[in-house]
Every structure is written in C-alpha cells, then in structure tokens.
2 protein chains.
Amino acid sequence: MNQRNTKQKEIILKILDENRIHPTMQEIYDLAKKEDQNIGQATVYRNINKLVEDGMVIKIPSVGEEGYHYDINNHPHTHLVCNSCGKIIDIFENDYEKFIKKIASNNSVIIKKSLLVLEGICNNCKK
Amino acid sequence: MNQRNTKQKEIILKILDENRIHPTMQEIYDLAKKEDQNIGQATVYRNINKLVEDGMVIKIPSVGEEGYHYDINNHPHTHLVCNSCGKIIDIFENDYEKFIKKIASNNSVIIKKSLLVLEGICNNCKK
DNA sequence: CTCTTATTGATAATGATTATCAATAATATT
DNA sequence: AATATTATTGATAATCATTATCAATAAGAG
C-alpha cells in the first residue's frame, strides 16, 4: 500500500482541473469547503504540496507580491501576472521549450525544470 | 527630505555588490553583522525589500524549495539552481530579452518584468 | 469481514516576516 | 556651527502562513 485515493484528494484535483484561475492555497481551501464542509486546511496543504512534488502541479511565485498560486501542469506554459486586473494569464509560447533547450546547450548545463513568470498588462486590459 | 544614506544601507549594498553568491535574507544579515555588530535583522529586511521595490535587486524564488535569494539587478539575466552543489549560477543568455519581447508581441501583452528560474545541473557538476 | 496503515481533521508549534515605538542620526534650516 | 525635523534604526512584540503532532478514520489488501 503506497498511495490511497481519498475523497478529499479527488475534490482537490477536481478543483485544480476545473478552475483554471490559478488559485492560491487559501482559494483552493475555500473552494474545497464548498464540496466538503469538513475538509481540513492541513489536508489541502498536504495534498497540494504532494502534487507539486510529483510534478503534477506548478507552484507559481508572484513576481511583485508575496505568496504562491497553483496550476495544473498540463502543457509546458508560462504565466503573466496582470498589473491591471490582477489575474494570472496562461501564455502558451510555442518556442518556450526550444528556448530552454538553447540555454542549456549554450551554457553547458542540464535543465530539468524551469519557471518563467511575467508581469505586465494582459491582452484584455491593453485594449 | 525623502531618502537618507545610512551606514547600514551602505553595508547592505556593498554586501550585495561584492558577494555574488545570491544570498538569502539570513545570509545577508550574517554578512552584515560582520561589518556592524549592532545591525538589526529588521533593518536588513527593510532595506532589501526597498531595494527590490525600487528594482535594484532581484528576488529569486527557489524552484523546488521554499525561500528566496537576492541578487543585484545589473544586467538582465537568469538563474540556475544546481541540484548537485546547491549553488545558484548566473546565466547570461544573449537572446533572453529578445525572447521576452517575442512573447509580448505574439500574445499581445505588455511585459514589464520577467523572472526565469532554472533548476538542474550546473556546468561544473556536469563534468 | 478483518487488519494494516495511509490519510484525515483539529490543534499546537514553528518560523519567517512585519508592525510598533522610543531612540538615534542624517540632513535641511537657521 | 547649532538646532530642528523626521527618516531610519534596533529591539521586541505581533502576525500569519505553513508545518508538525496525534488520535481517529477509512482505503484497500488479504
């Protein structure tokens, strides 16, 4: 016996999968409470941390502010923190992986993980 | 009167300038203590935070672990956290700014700041 | 159905960061 | 040079997010 599937774990995964709003730990907890009134905060922390460890979830630091946001690690992509609306926007840049590989080869290093966070103004707010 | 130059501020700036080891807040405090036995930890926090706000210092989140490291924001560059020796290596990639500009234009967004943190194996440890 | 133990919920503990505030010292003004 | 103003400091308390603890629960193997 190594891993067990619990109701709580399923709820948390479902929240991450259905709410692509890059929620904070607190927001995930609040959403989880709506599904299960009795879920504990520590349970949310434990599960999210394990998902990050296992590489299934990305932990996004804010460029300016404190704190972290979380996102499902589906396709490699980056995030833009919008200074105007405050949202975190997914940026799918085709050449991202290519660029990372280029850095690795140019600098003779091995890159296992990468994190690119942008800060500025999103498409919507620019208009 | 807006800003004042203090002995403490100078010590902290000198530490950041001379020690390109990407120290943590604690490490900066320890180094500062060697220069001035009476410097307070809160003073280090206050000064570093202001330098980050003013854009003179970069706050680098660890990809895997918790906590932050700090670095003078001289030329735009990125950082590689080495999983072998634990050091943070500066990576000066010529096309970095070009790549960021490309993302901005491809996605119709304005990018004011960016943060790229890499995790893997550095040049030295690879050998 | 029973047993093992991973996981949970509640709560205490931790630890890093921030707020508070009187004392100090930088610098503008006299 | 002396004084006044107030930004900054150092010490400490307060805060807050995260983690550790632990008995109770429940997932899943046998």
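Residue B:H69 is tested with B:I28, B:I88, B:I58 for a side-chain contact (heavy atoms from CB on, under 4.5 Å); the sole match is B:I88. Checking each of A:K59, A:H77, A:R20 against A:D71 for a side chain to side chain donor-acceptor pair (under 3.5 Å) leaves exactly one that passes, namely A:H77.
Rounded to whole Å, atom P of C:dA26 lies 12 Å from atom CD1 of B:I11. Rounded to an integer number of Å, the gap from B:D36 CG to D:dG10 P is 6 Å. Atom-to-atom, CD of B:Q3 to P of D:dT6 comes out at 16 Å; the value is rounded to the nearest Å. Rounded to an integer number of Å, the gap from B:I48 CD1 to D:dT8 C1' is 16 Å. Nucleotide C:dT8 holds its C1' atom 14 Å from the NZ atom of A:K33, rounded to whole Å. Rounded to whole Å, the distance from OH on A:Y29 to C1' on D:dC16 is 15 Å. Note: CD (A:Q26) to P (D:dT18) measures 9 Å, nearest angstrom. Rounded to whole Å, the distance from CG on A:N47 to P on D:dA27 is 14 Å.
When side chains are defined from C-beta on, A:V81 does not count as touching A:I60, because their heavy atoms never get closer than 4.5 Å. Between B:D90 and B:H79 there is a side-chain heavy-atom pair separated by less than 4.5 Å.
Listed pair A:Q8 / D:dA26 fails the phosphate criterion, with no side-chain N or O lying under 4.0 Å from OP1 or OP2. OP1 or OP2 of D:dT18 has at least one side-chain nitrogen or oxygen of A:Y45 nearer than 4.0 Å. Contact annotation: A:N5 side-chain N/O to C:dA6 OP1/OP2 distance is not under 4.0 Å. For D:dT19, the OP1/OP2 oxygens have a side-chain nitrogen or oxygen of A:N49 closer than 4.0 Å. In this model, the phosphate group of C:dT7 is approached by a side-chain N or O of A:K50 to a distance below 4.0 Å at OP1 or OP2. Put simply, B:T6 has no side-chain N or O that comes within less than 4.0 Å of OP1 or OP2 on C:dA26.
Taking five base pairs at each end of the helix from C:dC1-D:dG30 to C:dT30-D:dA1, the local helix axes there meet at an angle of 40°, rounded to 10°.
Nucleic acid contact class of A:K9 (heavy atoms, under 4.0 Å, all strands): sugar-phosphate only.
With respect to the salt-bridge test (charged N to carboxylate O, under 4.0 angstrom), the residues B:D36 and B:K7 qualify.
Counting atom types as modelled, B:R4 pairs a side-chain N or O with a base atom of D:dT6 as donor and acceptor under 3.5 Å.
In this pair, A:Y96 and B:F99 present their aromatic rings parallel. The plane angle is below 30°, not in the 30 to 60° band.
For the 3.5 Å distance criterion, the side chains of B:N49 and B:E53 fail to qualify, holding no donor opposite an acceptor.
Looking at which nucleotide of DNA chain C each of B:Y68 and B:K7 is closest to, the 5′-most match is held by B:Y68.
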